[in-house]
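The structure under discussion appears below in the form of structure tokens.
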Amino acid sequence: MRLYQKSLIPISGVIYGQVIYWLTLVSSFLVLLGTIVSFMEKESPLPTSQLLQSVIDGKSVNQIWQGLGLSPAPDMLFFLANPSVGESITMIGIAIGVSSVVPATFISAYFLKKSRNPVFSILAILAGLLTCVAITGIIL
């Protein structure tokens, strides 16, 4: 007889973990690829060696962007407009990794509803919506 019984993990928890796992894995590969591409690029709108040296020198964010010839710091639209640039690939990978919780929450809400946990399903949907609002930066 076993000393400890094997605990049963709800399918919603397994699905949540799998979605987070695979999206984090994809995002880490994108970040690695973007980092490699950014160091290999000859003509990049964001010169990596100069950017890295400025960070090592301890310059502030405004000093770094002024030194690169970019008065405002690049926003997400800059990275989406230049998807083949190494820095853009890296930023897209980071965005996928950070926001991987959103699809995982909604998919797990579906499985919570399917396993007859309507209260937790509704709470998961509310948590997913709250996370979406937090990601957009909208202040309510």
Side-chain angles (χ1 to χ4, degrees):
M1 185 171 157
R2 286 180 148 174
L3 184 58
Y4 299 104
Q5 288 184 344
K6 184 178 178 183
S7 64
L8 297 175
I9 300 172
I11 188 70
S12 58
V14 173
I15 297 296
Y16 181 84
Q18 288 293 315
V19 171
I20 294 283
Y21 173 79
W22 287 108
L23 287 177
T24 303
L25 191 67
V26 167
S27 77
S28 64
F29 283 129
L30 283 173
V31 168
L32 181 63
L33 176 69
T35 304
I36 291 170
V37 168
S38 67
F39 277 108
M40 294 177 67
E41 287 177 326
K42 297 292 183 204
E43 295 183 25
S44 171
L46 296 171
T48 307
S49 59
Q50 188 179 356
L51 181 65
L52 188 60
Q53 187 60 45
S54 298
V55 170
I56 292 172
D57 291 342
K59 294 182 179 177
S60 71
V61 174
N62 291 332
Q63 291 173 333
I64 291 172
W65 298 126
Q66 288 173 354
L68 292 175
L70 301 169
S71 55
D75 58 353
M76 196 56 173
L77 295 177
F78 171 81
F79 295 112
L80 291 176
N82 303 306
S84 62
V85 176
E87 291 293 326
S88 296
I89 297 169
T90 303
M91 289 301 293
I92 291 169
I94 291 171
I96 290 172
V98 169
S99 63
S100 66
V101 71
V102 174
T105 303
F106 287 128
I107 293 170
S108 103
Y110 169 76
F111 282 97
L112 281 167
K113 185 175 189 315
K114 200 172 175 182
S115 64
R116 297 188 185 118
N117 288 320
V119 173
F120 289 118
S121 176
I122 291 169
L123 289 174
I125 290 170
L126 289 175
L129 291 173
L130 183 63
T131 306
C132 288
V133 169
I135 287 173
T136 60
I138 297 172
I139 300 173
L140 298 176

Using modelled atom types and a 3.5 Å cut-off, is there a donor and acceptor pairing between side-chain atoms of Ser121 and backbone atoms of Asn117?
no
Transitive ILVMFWY cluster of Val119 at side-chain heavy atoms under 4.5 Å: who else is in it?
Leu112, Phe120, Leu123
Under 4.5 Å between side-chain heavy atoms, chaining through other members, with only Ile, Leu, Val, Met, Phe, Trp and Tyr counted: pull out the rest of the cluster around Val102, sorted by chain and number.
Tyr16, Ile20, Val101, Phe106, Ile125, Leu129, Ile135
Please list all pairs passing the side-chain hydrogen bond (donor to acceptor under 3.5 Å, both in side chains) test where one or both residues lie in residues 90-114, with sequence neighbours left out.
none
Partners passing side chain to side chain contact (heavy atoms under 4.5 Å, CB included) against Phe29 (at least two apart in sequence or in another chain):
Leu25
Closest non-hydrogen atom pair, Leu30 against Ile89:
O-CG2, 3.4 Å
Spacing of Gln18 atom CD and Leu23 atom CG [to the nearest 0.5 Å]:
11.0 Å
Taking ILVMFWY side chains as joined if any heavy atoms are under 4.5 angstrom apart, and letting links pass through other members, which residues group with Leu32?
Ile36, Met40
Do Val26 and Ile92 land in one hydrophobic cluster if side-chain heavy atoms of ILVMFWY residues count as linked below 4.5 Å?
yes
Residues in side chain to side chain contact (heavy atoms under 4.5 Å, CB included) with Ser60, at least two apart?
Asn62, Gln63
Looking at Ser27 and Gly93, what are the two nearest heavy atoms and their distance?
CB-O, 2.9 Å
